[in-house]
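What follows is a short report on a single structure.
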Amino acid sequence: MASRFKITGFARFLLFLLVFAPLAYIGASYIQGEDGIQNVKDLIGIGDKSSTTSNTSSSSSEIDLEEAQEMIEDLKEELAEKEAEIKELRSQLEEANQ
């Protein structure tokens, strides 16, 4: 008795790729020392992103806060220098126009 459903060679190839491609990617990731399943989840968008951000310690956030404050102070100084330079250039431009 003939089978009710026939499948073409291309459909078989697509089904093979549907199964083989993710397995090959996961295997290659493990060979490279990465977590292949987590990589697939990240690509698809599955999983909890907050679990990776909650791993930071409070001491590192304090260090980041201090670094941020230093950067703010440096940027304020640089802004003051640039404003003074702009005032000087404007005065030179006004003198040149007169």
Side-chain angles (χ1 to χ4, degrees):
M1 178 176 211
S3 67
R4 189 170 191 191
F5 298 104
K6 290 188 176 184
I7 190 166
T8 64
F10 183 71
R12 287 180 187 175
F13 177 69
L14 288 179
L15 288 174
F16 171 74
L17 286 181
L18 187 67
V19 173
F20 180 73
L23 291 175
Y25 180 78
I26 291 170
S29 295
Y30 279 122
I31 289 172
Q32 292 178 356
E34 300 172 358
D35 186 9
I37 295 175
Q38 186 62 40
N39 287 344
V40 172
K41 287 181 180 180
D42 291 342
L43 286 173
I44 296 173
I46 299 175
D48 189 17
K49 302 281 185 194
S50 64
S51 65
T52 58
T53 58
S54 65
N55 292 339
T56 60
S57 64
S58 62
S59 63
S60 67
S61 64
E62 291 174 6
I63 292 172
D64 292 338
L65 180 62
E66 292 173 2
E67 290 176 3
Q69 288 176 345
E70 289 175 10
M71 289 176 62
I72 290 171
E73 292 300 320
D74 292 340
L75 290 173
K76 284 181 180 179
E77 291 173 7
E78 185 177 341
L79 179 62
E81 291 172 3
K82 298 296 181 184
E83 287 176 347
E85 184 179 349
I86 289 172
K87 286 180 183 178
E88 181 182 334
L89 291 172
R90 282 187 180 167
S91 64
Q92 289 176 2
L93 183 60
E94 287 176 4
E95 290 174 4
N97 286 337
Q98 292 177 357

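If you read the sequence from its start, that first residue is 1, and numbering goes on from there. All values reported here derive from a predicted model rather than from experimental measurement.
Atom CG of Asp74 is separated from atom CD of Gln69 by 12.0 Å, given to the nearest 0.5 angstrom. Distance CD1/Ile86 to CG/Leu79: 8.0 Å, rounded to 0.5 Å. Glu70 CD to Glu73 CD: the interatomic distance, rounded to the nearest 0.5 Å, is 9.5 Å. Rounding to the nearest 0.5 Å places CE of Met71 at 10.5 Å from CD of Glu78.
Cluster membership for Ile46 and Leu43, using ILVMFWY side-chain heavy atoms within less than 4.5 angstrom, is shared.
Considering only residues two or more places apart in sequence or on other chains, Ser91 meets the side-chain contact (heavy atoms from CB on, under 4.5 Å) condition with none of them. Shown here are the side-chain contact (heavy atoms from CB on, under 4.5 Å) partners of Ile37, two or more places apart in sequence or in another chain: Ile26, Tyr30, Asp35, Lys41. Here Leu23 pairs with Val19 under the side-chain contact (heavy atoms from CB on, under 4.5 Å) rule; sequence neighbours left out. With sequence neighbours excluded, no residue forms a ring pair (Phe, Tyr, Trp, His ring centres under 6.0 Å) with Tyr25. In this view, Ile7 and Ala11, Arg12, Leu15 satisfy the side-chain contact (heavy atoms from CB on, under 4.5 Å) rule, not counting sequence neighbours.
Phe16 and Phe20 have parallel rings, their planes meeting at less than 30° on a 0 to 90° scale where 60° marks the start of perpendicular.
Between Gly36 and Ser29, the shortest heavy-atom distance links the atoms CA-CB, 3.4 Å.
Hydrophobic cluster membership of Ile31, counting Ile, Leu, Val, Met, Phe, Trp and Tyr whose side-chain heavy atoms lie under 4.5 Å apart directly or via other members: none, as it forms a cluster of its own.
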